[in-house]
Q: 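Structure below; questions to follow.
A quick note: this is a predicted structure, and the numbers were derived from the prediction, not measured.
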Amino acid sequence: MNRIENEQIKFYFEHEERIREWAALETEASKFVDRFYRSLKGDLDGAITDGRIADSDVESFLVGGNWPGVCLRRRAWPEGDDGVYVKMEWNRKKGFPPNGQVGCGVVTSVKQYKRPFTKEARPDYPHASQEWPAYRYLDPPADRFWEGDNLREYRTYLVEAILKAWKDLAPIVDEAIGQRSS
């Protein structure tokens, strides 16, 4: 075996340094995407302050890990292991969809809180899993989102999706934990 016949392998050897340089950009892009999603907390805080969320006892917060999220909850809802909240979640190590899916819905590990989340009660949130009694996937940014100010439209879409999830799902959470909407 003295010759390399495979054109792709030849291309790799010829451009190996540049290929590695380009591959390293994935980490930087993932960090940018994570910062972008985290910055949505400021938009949610603004929506709370501006009265776009009618409830006065709502707070926004961030959760970390490999699947971080920006979240909304009533201050009176349980926290910690018994917690329940509306969340938009992304994979910290991935870029924008389709590489990394973005989900939005209700998160809880408490079995009794999951009962009211029937398919009939949550038609716009067709998925459910062990910790998500109701969620949906959000669309990726459109076209050449990296040019100019094109992320503004995607940002607006995401904030509206989280606010819609709050409006649709918070009353079901209230029912689940035995509270009334304020």
Side-chain angles (χ1 to χ4, degrees), residues 30-50 52-141 154-182:
S30 295
K31 287 178 183 177
F32 171 84
V33 171
D34 187 58
R35 286 191 311 270
F36 171 80
Y37 287 137
R38 288 176 185 281
S39 75
L40 296 175
K41 181 183 182 305
D43 296 72
L44 293 179
D45 290 341
I48 292 168
T49 302
D50 295 345
R52 290 183 60 205
I53 295 178
D55 309 311
S56 62
D57 63 338
V58 179
E59 64 183 356
S60 72
F61 62 98
L62 294 167
V63 294
N66 285 332
W67 290 91
V70 58
C71 310
L72 293 170
R73 65 177 294 282
R74 291 191 198 286
R75 289 180 183 90
W77 287 355
E79 295 181 73
D81 292 342
D82 294 336
V84 59
Y85 45 89
V86 173
K87 178 182 183 186
M88 186 197 87
E89 175 183 88
W90 61 92
N91 185 329
R92 183 180 59 82
K93 296 180 180 181
K94 300 288 184 181
F96 288 117
N99 294 333
Q101 291 182 322
V102 176
C104 187
V106 168
V107 176
T108 186
S109 60
V110 179
K111 190 175 182 176
Q112 73 187 41
Y113 298 163
K114 298 176 187 179
R115 288 189 188 116
F117 287 95
T118 63
K119 287 187 178 190
E120 296 75 29
R122 55 174 179 80
D124 291 339
Y125 305 86
H127 304 289
S129 68
Q130 187 172 349
E131 291 199 3
W132 292 75
Y135 73 97
R136 70 183 183 105
Y137 291 111
L138 301 181
D139 295 331
Y154 186 54
R155 171 181 226 87
T156 300
Y157 162 73
L158 293 173
V159 170
E160 292 304 317
I162 298 166
L163 295 176
K164 180 181 180 343
W166 176 262
K167 181 181 172 196
D168 294 345
L169 301 172
I172 303 172
V173 173
D174 290 337
E175 175 188 335
I177 64 175
Q179 294 184 348
R180 296 223 185 279
S181 299
S182 45

Q: Yes or no on side chain to side chain contact (heavy atoms under 4.5 Å, CB included) for Tyr135 and Cys104, after CA distance, side-chain angles and deciding distance?
A: CA-CA 5 Å; Tyr135 73 97; Cys104 187; over 6 Å; no

Q: Donor-acceptor check, side chain of Arg92 to backbone of Lys31, threshold 3.5 angstrom: yes or no?
A: no

Q: Show, in sequence, the C-alpha distance, side-chain angles and deciding distance for Val159 and Leu44, and conclude whether the side chain to side chain contact (heavy atoms under 4.5 Å, CB included) test is met.
A: CA-CA 7 Å; Val159 170; Leu44 293 179; 4.3 Å; yes

Q: Does some side-chain heavy atom of Cys71 sit less than 4.5 Å from a side-chain heavy atom of Val63?
A: yes

Q: Indicate the atoms forming the closest heavy-atom contact of Gly64 with Arg38, along with that distance.
A: CA-NH2, 4.2 Å

Q: Could you list the residues that satisfy side-chain hydrogen bond (donor to acceptor under 3.5 Å, both in side chains) with Ser30, not counting sequence neighbours?
A: none

Q: Take atom NZ of Lys41 as the centre, draw a 6.0 Å sphere, and report whether it contains more than 12 heavy atoms from other residues, nucleotides or ligands.
A: yes

Q: Side chain to side chain contact (heavy atoms under 4.5 Å, CB included), that's the test. Do Ile172 and Val106 meet it? Break it down for me.
A: CA-CA 10 Å; Ile172 303 172; Val106 168; over 6 Å; no

Q: Check Asp139 against Tyr154 and note the closest heavy-atom contact, atom names and distance.
A: O-CE1, 3.2 Å

Q: Is there a donor-acceptor pair under 3.5 Å between the side chain of Lys114 and the backbone N or O of Gln130?
A: yes

Q: So Arg73 and Val84, side chain to side chain contact (heavy atoms under 4.5 Å, CB included) or not? Walk me through it.
A: CA-CA 7 Å; Arg73 65 177 294 282; Val84 59; over 6 Å; no

Q: Look at the rings of Tyr37 and Trp90 and say which category their plane angle falls in: under 30° parallel, 30 to 60° tilted, over 60° perpendicular.
A: tilted

Q: Judged by modelled atom types alone, do Arg155 and Ser39 share a side-chain donor-acceptor pair under 3.5 Å?
A: yes

Q: Count the heavy atoms of every other residue, nucleotide or ligand shown that sit under 6.0 Å from CG of Asp81, and state whether that count exceeds 12.
A: no

Q: Would you say the side-chain atoms of Thr108 pair up with the backbone N or O of Gly83, donor to acceptor, closer than 3.5 Å?
A: yes

Q: When rounded to the nearest 0.5 angstrom, what is the spacing between NZ in Lys94 and CG in Asn66?
A: 11.0 Å

Q: Given Val173, which of Tyr113, Tyr85, Phe117 fulfils the side chain to side chain contact (heavy atoms under 4.5 Å, CB included) condition?
A: Phe117

Q: Residues two or more places apart in sequence or in another chain: which of them pass side chain to side chain contact (heavy atoms under 4.5 Å, CB included) with Gln101?
A: Tyr137

Q: Please examine the side chains of Phe96 and Pro140, heavy atoms only from C-beta on, and report whether any two atoms are closer than 4.5 Å.
A: no

Q: Hey, is Asp57 close enough to Arg74 for a salt bridge, meaning N to O under 4.0 Å?
A: yes

Q: Using a 4.5 Å cut-off on heavy atoms from C-beta on, say whether the side chain of Phe61 contacts that of Leu72.
A: no

Q: Is the shortest side-chain heavy-atom distance between Pro68 and Leu62 below 4.5 Å?
A: no

Q: Given side chains that start at C-beta, do those of Leu40 and Met88 come closer than 4.5 Å, heavy atoms only?
A: yes

Q: Please set out all donor-acceptor pairs under 3.5 angstrom arising from side-chain atoms of residues 161-170, sequence neighbours excluded.
A:
| residue | atom | partner | partner atom | Å |
| --- | --- | --- | --- | --- |
| Lys164 | NZ | Asp124 | OD2 | 2.6 |
| Lys164 | NZ | Asp168 | OD2 | 2.4 |
| Trp166 | NE1 | Asp55 | OD2 | 2.9 |
| Asp168 | OD2 | Tyr125 | OH | 3.0 |

Q: State, to 0.1 Å, how close Arg122 and Pro133 come at their nearest heavy-atom pair, and which atoms those are.
A: NE-O, 3.0 Å

